[in-house]
Amino acid sequence: MRYQRSSQLFKAASAVIPGGVNSPVRAFKAVGGTPVFVTKAKGAYLYDADGNRLIDYINSWGPMILGHAYPPVIEAVIEKAQLGTSFGMPTEIETKIAELAVSMVPNIDQIRFVNSGTEACMSAVRLARGFTGKEKIIKFAGCYHGHSDSFLIQAGSGAVTFGSPNSPGVTEGTAKDTLLAPYNDLVAVAEIFEANPSQIASIIVEPVAGNMGCIPPQSGFLEGLRALCDAHQAILIFDEVMTGFRLARGGVQELYGVNADIVCFGKVIGGGLPVGAFAARHEIMAHLAPLGPVYQAGTLSGNPLAMAAGYAMLQALESDAEVFERLAQKTAYLHEGISKTLKAHQVLHTINRVGSMISVHFSESPVVDFETAAEGNNERFKTFFHGLLNAGIYIAPSAFETWFITDALTYEDLDETIAAVAKIAPSL
Ligand SMILES: *Cc1c(COP(=O)(O)O)cnc(C)c1O
């Protein structure tokens, strides 16, 4: 495959856009080379500026769970656009998607729409603080909740410690209110509660982690977080921006049978348009403006095009009883195929998978948290990534990312992917 035109476009972009991209995860910093510029996509395939067809395992980082340019979503957007694209006034479609979302997800009565997952998580934390009157939050190393200041925090030194900023521009003042624990480590969470009596407003967690590869919660982890929040009058926030409407109709709350207090959404809920949302029971949502004192707003929130796309997407998922099972089966097939192939070539690896989320780690030990995810061999990943790209298969350009399986993928596509892995394996 050739990427000449993409290289030219990247050069032009780099002159006027920092790093040539509008989100750093699109850059090829971790793998080398220049990003692929897309011209269009349909179903399971991307078509790039050089005319290559690529099998897509990113799917816009999750939203395109039924494939690109999914006809009911496209039709809904076109129809709405002809009626005007934004009013800054209420529209009926907002109620329709809200009713549908609330009916699909357990344990929520009301939902507020925003424009991104970042906004959803940022607002959820503000609501949790406003509701509890407490200021500190607990987050887990390697979990991503968007780029708002409170979340750009890394663990300091010592067992139970304040966080420290992991980006310039985040203040020490903000960092001291975010406390870090390793994922899947309930003991660490309990210690943080003990060390900060009556100060923890909330735990925010990816209930199935997807931003350090795919890392499932170990047995009892989510239940333990629920129990700790109950014992300490803290709010449990499930950040389901990635998992919501992907792992089950009702997300991880349904899949693992654990209730959160506030749930955040993004990605699938917008059907490929910029949408985020956060949801909770009445008693919590009553604290949100204009009902209550916790402020939150947005000029384009509930935008009619975005709501129409999201509504069409949720309707499609709601009306297809088998979709999540079908996705899980395709993902399991890919898992087995890749695993067998790598084993046959004695390539040390660990593959994690939950539903339609899967990640390949070039390390031997189980990947259960950020530390173990970081043990993967990045040189091997680079070879793997570029080998797949040359074979017309696009995975995320970082070893810390989940692959998103779409229902548009056929078993032929999966076989083509496994065959490509077989070709690369000897050089890994
Ligand atoms: C993608 C993601 C976000 C951020 O969403 P944006 O729409 O990119 O702002 C937050 N949390 C999780 C779990 C995500 O995967």
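All ligand and atom numbering here is 1-based and tracks the order in the structure. Residue numbers run from 1 in the order of the sequence given.
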Using atom types as modelled, flag every donor-acceptor pair under 3.5 Å from a side chain in residues 139-150 to any protein atom, sequence neighbours excluded.
{"from": "Lys139", "atom 1": "NZ", "to": "Cys143", "atom 2": "O", "distance (Å)": "2.9"}
{"from": "His145", "atom 1": "ND1", "to": "Asp239", "atom 2": "OD2", "distance (Å)": "2.7"}

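- Checking side-chain atoms of Asp369 against main-chain N and O of Thr372 turns up a donor-acceptor pair under 3.5 Å.
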Give the intermediate values and the outcome of ring pair (Phe, Tyr, Trp, His ring centres under 6.0 Å) for residues Phe370 and Phe400.
-> CA-CA 9 Å; Phe370 184 71; Phe400 287 98; 5.7 Å; yes
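- Counting non-hydrogen atoms of other residues, nucleotides and ligands closer than 6.0 Å to CD of Glu336 gives a total of 12 or fewer.
- The closest donor-acceptor contact from the side chain of Asp50 to the backbone of Arg5 lies under 3.5 Å.
- The CG atom of Leu179 sits 5.0 Å away from atom CD1 of Ile200, with the distance rounded to the nearest 0.5 Å.
- Closer than 4.0 angstrom to ligand 1 by heavy atom are Ser116, Gly117, Thr118, Tyr144, His145, Gly146, Glu206, Asn211, Asp239, Val241, Met242, Lys267, sorted by chain and number.
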